[in-house]
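We count ligands from 1, going down the list as the structure has it; atoms in each ligand are counted the same way. Only this structure's heavy atoms are used, side chains among them; waters, hydrogens and symmetry mates stay out. Nothing fancy with the numbering, it's 1 onward along the sequence.
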Amino acid sequence: MNKIAILTSGGDAPGMNPAIRAVARTAIFYNIEVVGVRYGFKGLIEKDFFDMKRSSVADIIQKGGTVLFSARCEEFRTREGREKAYQNMREEGIDALVVIGGDGSLHGVQKINQESEISAVGIPATIDNDLSCTDYTIGVDTAMNTILDAINKIRDTATSHERTFVIECMGRDSGYLALMTGLAGGAEFILVPEIDFTPQEVTNRIVQGFNKGKLHSLILIAEGVKAPFVDLTGYNGSPGLAMGDLIREKTGMETRVTILGHLQRGGSPTAIDRIIASRMGAKAVDLLIEGHRDIMINYKDNSIGSCKIADAIVEKQQIDMDIYNLSSILSM
Ligand code: F6P
């Protein structure tokens, strides 16, 4: 292997930069040339390439976002677009590619391995932590800490006014972020797409809590929650806003809604995100050198390994019911 290209794709995640740094510096350590690709798969099609040196990744380990930029690319979904990308890589002498991103990015990795001679591997990076075959995706720890910081602050004001707060967090179709931060933040109720609930259960819990002397009620809701559990008509897709109105209407309690939005995606990566990103980046290069392709680097049972891309994208990670039940017991 002579030349490795690196790109980041899909939603950015804190820790992408330490992963880029690890791939680049490990490859250079083994005398392999490194090419940076800007704007994800779009950059492959538009040949937005640049040579990377050790110094190209200096001073990025602490930065959120991705220095390679990211994009969602419709053209790469077409065979014609992908052929352009393969041709550009061939012309540049690129024989391996490391893609850092989430579910959509891994589908791209699979296509490249199926349709070309280029060896592509994926590194899971998304705040959603919604991939199979890995306990962890880069960025989720930073996002959880950001959400937790927000919950702590909202708790202060909620207690001062004895109010109910609905906090909506990201996660696409996955409830992982809401579940984990709900447990860590001591939420009264956690609403996730994977677990059925009735609005009545939520309002009952809120009323019971105040009757027992609680000074506030915090409801964590994942953005992926939808009908039949919450009617989103007129709420621009926000289950948090819908739930806030419903609670107000059914309980008459003062209720506020906070949609955390994209602030969950930014920020300097935590130590955990930096450590796992560094280890995954290095592992990707090691496995490419050993001749592997069509794999995703993973983190399972405290160790860094790999799995087939097909296994990683076949189904979403399941919600941990023990954690959901624990949170429920602890917040009663
Ligand atoms: O996949 C990461 C994520 O932040 C999801 O949690 C969220 O639903 C989505 O991306 C938002 O995408 P965009 O930045 O394109 O609005």
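Checked by atom type, the side-chain pair Thr198/Glu201 shows a donor-acceptor distance below 3.5 Å. Remark: the Asp231 side chain and the Thr233 side chain contain an N/O donor-acceptor pair separated by less than 3.5 Å. Between the side chains of Arg205 and Ser328, a donor-acceptor pair is found at a separation under 3.5 Å. A side-chain donor-acceptor contact under 3.5 Å links Arg155 and His216.
The shortest contact between atom 16 (O) of ligand 1 and any protein heavy atom is with His262 NE2, 3.3 Å. Residue, atom and distance of the protein heavy atom nearest to atom 12 (O) of ligand 1 are Arg72 NH2, 3.2 Å. Among all protein heavy atoms, the one lying closest to atom 6 (O) of ligand 1 is Asp128 OD1, 2.7 Å. For atom 8 (O) of ligand 1, the closest heavy atom belonging to the protein is Glu223 OE2, 2.5 Å. The protein heavy atom nearest to atom 3 (C) of ligand 1 is Arg265 NH1, 3.4 Å. Remark: minimum distance from atom 9 (C) of ligand 1 to any protein heavy atom is reached at Arg172 NH2, 3.6 Å.
Between Gly171 and ligand 1, at least one pair of N/O atoms sits closer than 3.5 Å.
With Arg274 contributing its side chain and Pro269 its backbone, the two residues share a donor-acceptor pair below 3.5 Å.
Tyr86 and Phe76 have perpendicular rings, their planes meeting at more than 60° on a 0 to 90° scale where under 30° would count as parallel.
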